[in-house]
Engineer: 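Starting off with a structure, shown below.
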Amino acid sequence: MWIIWLIISILIVLLAGSLWYVCVLRKKICDMRKTQRMRQVFLSNMNQEIQVPLKTIKGLSEMLSKDNLYLSKNEKRNISDQMNYNADLINALLDEALMFTESAADGQQLHIESFSPNALCRRCLEANMYSIYHRHAVKLNFKRELHDEFFVRNDRHLVELILNKLILNACRFTEVGEVLVGCNTSENTDCLTIFVEDTGVGVPESRLQKLFTWFEAPEDMADEVELDLSICYRVAQKMGGRLYMDQNYHRKGTRFVFILPLRKD
């Protein structure tokens with residue numbers, strides 16, 4: 001009799017193990033399907049966004065190809081500015097795709113190198129001049145608090161991607177005033193603090209809680225700005241840093257802060 005009970009017990013254990021494995025496998029399949037769906041939605045949204053600057057560049061290129069076209073210096077400069085503006089928009093979208101990939105690949109190694117925070121901030125400001133070229137009431141400024149000879153070690157490319165996104169978003173919502181970028185080591189001990197301040201419309205209170213929330217479903221990816229910030233937030237964490245909006249900032253507009261630990265290696 002005890003042999004029968006032993007066989008029954010073994011069968012029960014095997015059945016329970018099989019059911020557990022099936023549940024785990026089903027969850028993994030659901031997660032894979034959700035991830036795949038989110039990637040499809042992300043790429044679909046990006047495809048729609050990238051069509052606008054592409055069509056603009058194509059239209060300008062076709063216009064320039066006309067044999068009987070005569071343009072003044074100001075007209076040529078305006079066309080050149082428009083083409084550069086739309087080309088940089090495409091580049092910004094590709095950077096966003098790269099950050100989305102970086103945020104998904106948690107095991108991907110960082111590419112550590114030395115760089116000057118001041119030089120990086122200036123480069124990002126220069127790269128985003130196209131964002132305000134048609135708004136003369138907005139200025140891009142740099143607040144110098146560190147020596148130009150001060151260097152830090154981290155993944156420079158990822159830092160640049162995040163900073164470019166913060167500046168681009170600040171420019172999009174600022175019609176008058178300035179976008180101010182700076183960096184220091186005085187706000188946070190043993191850390192590099194990079195900030196982006198603007199005199200724009202600010203962030204509505206109803207959206208504050210969602211700014212950095214990682215999307216859990218395809219429908220969460222509908223808001224482009226929050227999608228950008230949630231990706232930046234994940235990438236900042238991967239680098240051992242933090243990204244947040246300074247809610248103690250009492251001037252008009254917003255202030256985003258990106259903190260990176262000063263690496264010893």
Side-chain angles (χ1 to χ4, degrees), residues 77-78 80-89 91-93 95-96 99 114-152 154-188 191-204 208 211-212 224-225 228-229 231-233 235-236 239 241-260 262:
R77 182 173 181 178
N78 182 51
S80 175
D81 287 343
Q82 289 187 58
M83 294 185 75
N84 287 331
Y85 171 72
N86 285 280
D88 287 334
L89 277 181
N91 186 59
L93 289 169
D95 284 345
E96 183 178 322
M99 285 201 295
S114 296
F115 63 92
S116 164
N118 282 1
L120 184 138
C121 288
R122 292 189 181 104
R123 182 164 59 250
C124 289
L125 283 170
E126 183 177 350
N128 282 278
M129 287 300 296
Y130 69 87
S131 300
I132 59 163
Y133 84 99
H134 60 295
R135 282 174 284 169
H136 302 295
V138 181
K139 303 297 181 184
L140 297 185
N141 294 320
F142 172 66
K143 184 177 182 180
R144 184 172 178 270
E145 298 182 69
L146 298 172
H147 294 294
D148 289 343
E149 296 76 18
F150 179 80
F151 279 70
V152 298
N154 214 305
D155 193 316
R156 179 199 57 79
H157 183 59
L158 291 183
V159 175
E160 188 168 357
L161 290 180
I162 292 175
L163 184 54
N164 269 326
K165 277 297 175 183
L166 295 178
I167 296 174
L168 178 61
N169 282 343
C171 292
R172 289 173 59 189
F173 296 102
T174 304
E175 295 294 335
V176 177
E178 70 170 348
V179 173
L180 179 66
V181 177
C183 53
N184 61 65
T185 57
S186 58
E187 287 188 50
N188 297 279
C191 291
L192 172 69
T193 300
I194 303 175
F195 60 86
V196 178
E197 300 174 2
D198 66 66
T199 55
V201 296
V203 179
L208 289 177
L211 279 180
F212 303 110
E224 177 190 346
V225 176
D228 287 347
L229 292 176
I231 294 174
C232 290
Y233 182 82
V235 175
M239 301 170 68
R242 290 192 297 131
L243 176 64
Y244 66 92
M245 192 187 82
D246 187 354
Q247 298 193 36
N248 295 320
Y249 185 64
H250 297 302
R251 294 177 58 191
K252 183 181 184 297
T254 57
R255 183 178 194 261
F256 283 93
V257 181
F258 177 25
I259 301 174
L260 280 173
L262 296 175

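Both backbone and side-chain heavy atoms feed into the values below; hydrogens, waters and symmetry mates do not.
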Engineer: Can you tell me how far apart CZ (Arg255) and OH (Tyr249) are? Round to the nearest 0.5 Å.
Structural biologist: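 The OH atom of Tyr249 is 7.5 Å from CZ of Arg255, to the nearest 0.5 Å.
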Engineer: Return the CZ to CD distance between Arg251 and Glu197, rounded to the nearest 0.5 Å.
Structural biologist: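 Atom-to-atom, Arg251:CZ and Glu197:CD are 6.0 Å apart.
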Engineer: Considering non-hydrogen atoms only, spot the tightest contact between Lys252 and Thr199 and give its length.
Structural biologist: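 Minimum heavy-atom contact is NZ-O, 2.9 Å.
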Engineer: Can Val235 and Leu161 be said to form a side chain to side chain contact (heavy atoms under 4.5 Å, CB included), step by step?
Structural biologist: CA-CA 10 Å; Val235 175; Leu161 290 180; over 6 Å; no
Engineer: Go through Cys171 and Leu140 one step at a time and tell me if the side chain to side chain contact (heavy atoms under 4.5 Å, CB included) criterion holds.
Structural biologist: CA-CA 9 Å; Cys171 292; Leu140 297 185; 3.7 Å; yes
Engineer: Within a 6.0 Å radius of atom NZ on Lys143, are there more than 12 heavy atoms belonging to other residues, nucleotides or ligands?
Structural biologist: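 Not more than 12 within 6.0 Å, no.
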Engineer: Quick one: does Leu229's side chain get under 4.5 Å of Leu166's, heavy atoms only?
Structural biologist: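 Yes, close enough: below the 4.5 Å cut-off.
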Engineer: Hey, mind stepping through Phe195 and Val181 against side chain to side chain contact (heavy atoms under 4.5 Å, CB included) and telling me if it holds?
Structural biologist: CA-CA 6 Å; Phe195 60 86; Val181 177; over 6 Å; no
Engineer: Specify the closest pair of heavy atoms between Gly202 and Thr254, including all atoms of both residues, with the distance to one decimal.
Structural biologist: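 Smallest heavy-atom distance, with atoms named: CA-CG2, 3.5 Å.
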Engineer: What distance separates Met239 CE from Leu158 CG, expressed to the nearest 0.5 Å?
Structural biologist: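 Rounded to the nearest 0.5 Å, the CE-CG separation comes to 5.0 Å.
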Engineer: Any non-hydrogen side-chain atom of Leu192 less than 4.5 Å from a side-chain atom of Cys183?
Structural biologist: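 SC-SC contact between Leu192 and Cys183 confirmed.
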Engineer: Tell me, do Val196 and Leu163 make a side-chain contact under 4.5 Å, heavy atoms counted?
Structural biologist: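 The answer is yes, as the side chains (C-beta and beyond) meet within the 4.5 Å cut-off.
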Engineer: Do Lys139 side-chain atoms and Glu178 backbone N/O form a donor-acceptor pair below 3.5 Å?
Structural biologist: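 Flag not set: sc Lys139 to bb Glu178 has no pair under 3.5 Å.
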Engineer: Just verifying a value: how many Å separate Leu120 CG and His157 NE2, rounded to the nearest 0.5 Å?
Structural biologist: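 Rounded to the nearest 0.5 Å, the CG-NE2 separation comes to 11.0 Å.
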Engineer: Keeping the roles fixed (side chain from Asn118, backbone from Leu146), state whether a donor-acceptor pair exists under 3.5 Å.
Structural biologist: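 Yes; judged by distance alone, with no hydrogens or angles, the pair exists.
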Engineer: Between Ala236 and Leu243, what is the shortest heavy-atom contact and its length?
Structural biologist: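 So the minimum-distance heavy-atom pair works out to CB-CB, 4.1 Å.
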Engineer: Quick one: CZ on Phe256 to OH on Tyr244, what's the gap to the nearest 0.5 Å?
Structural biologist: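 Phe256 atom CZ to Tyr244 atom OH measures 12.0 Å (nearest 0.5 Å).
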Engineer: Is there a side chain to side chain contact (heavy atoms under 4.5 Å, CB included) between Thr185 and Phe150 once you walk through the steps?
Structural biologist: CA-CA 10 Å; Thr185 57; Phe150 179 80; 3.8 Å; yes
Engineer: What is the minimum heavy-atom distance between Phe142 and Cys121, and which atoms define it?
Structural biologist: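 Shortest heavy-atom contact: CE1-CB, 3.5 Å.
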Engineer: Is a side-chain N or O of Thr193 found less than 3.5 angstrom from the main chain of Ser186, in a donor-acceptor match?
Structural biologist: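 Such a contact is absent between Thr193 side chain and Ser186 backbone.
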Engineer: Roughly how far, to the nearest 0.5 Å, is the CZ atom of Arg172 from the CG atom of Asp198?
Structural biologist: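 If we round to the nearest 0.5 Å, Asp198:CG and Arg172:CZ are 12.5 Å apart.
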Engineer: Using side-chain heavy atoms (C-beta onward) and a distance below 4.5 Å, is Val159 in contact with Phe258?
Structural biologist: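 In short, these two side chains touch, coming nearer than 4.5 Å.
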